[in-house]
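This report refers to the structure that appears directly beneath it.
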Amino acid sequence: MPKYANASAEATDFLRQKTGSSLLECYTYIDPERSEDSFFVVRTSNKVIHVSFSEITYESSSYQSLLEGLYRAIYE
């Protein structure tokens, strides 16, 4: 079954501040029962990046930690 990601203003703002790119957009799908099925989709000016939560190192109780982990997974 398809999974639909929703626009995430908070994640978009965070990544735009970190990267300086005003073209970047971030979408997220969160499965509350199966975190391994949750993911981000980041669209930049020339590519689309899919990052599963399972690929990110983060503290599960902190959304900020998740966003920082997303940045590290893509850019570091």
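Just so it is clear, the structure is predicted and the values come from calculations on it, not from any experiment.
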Quick check: is Leu15 connected to Leu23 through a chain of hydrophobic side chains (ILVMFWY, heavy atoms under 4.5 Å apart)?
no
Does some side-chain heavy atom of Tyr58 sit less than 4.5 Å from a side-chain heavy atom of Phe53?
yes
OH on Tyr63 to OG on Ser8, rounded to 0.5 Å:
3.5 Å
Going by heavy atoms in the side chains, are His50 and Phe40 under 4.5 Å from each other?
no
Okay, side chain of Gln17, backbone of Phe14: is any donor-acceptor separation there less than 3.5 Å?
no
Measuring from atom OG1 of Thr28 to atom CG of Asn6, what distance do you get when rounded to the nearest 0.5 angstrom?
8.0 Å
Working to the nearest 0.5 Å, report the span between CD1 of Ile74 and CD of Glu55.
9.5 Å
Can you find a pair of side-chain heavy atoms, one from Thr19 and one from Leu24, that are under 4.5 Å apart?
yes
Is the closest side-chain heavy-atom distance between Cys26 and Leu70 below 4.5 Å?
yes
pair Ile56-Leu66: side-chain heavy atoms closer than 4.5 Å:
yes
Testing the basics here: between Ile30 and Ser38, what is the closest heavy-atom pair and its distance to 0.1 Å?
CA-OG, 3.4 Å
Distance flag, aromatic centroids of Tyr27 and Phe39, threshold under 6.0 Å:
no
If you round to the nearest 0.5 Å, how far is CD of Gln64 from CG of Leu67?
5.5 Å
All pairs passing salt bridge (Lys or Arg N to Asp or Glu O under 4.0 Å) where residues 27-52 contributes a residue, at least two apart:
Glu25-Arg43, Arg34-Glu36, Arg34-Asp37
Answer yes if the side chains of Ser61 and Glu59 hold a donor-acceptor pair under 3.5 Å, and no otherwise.
yes
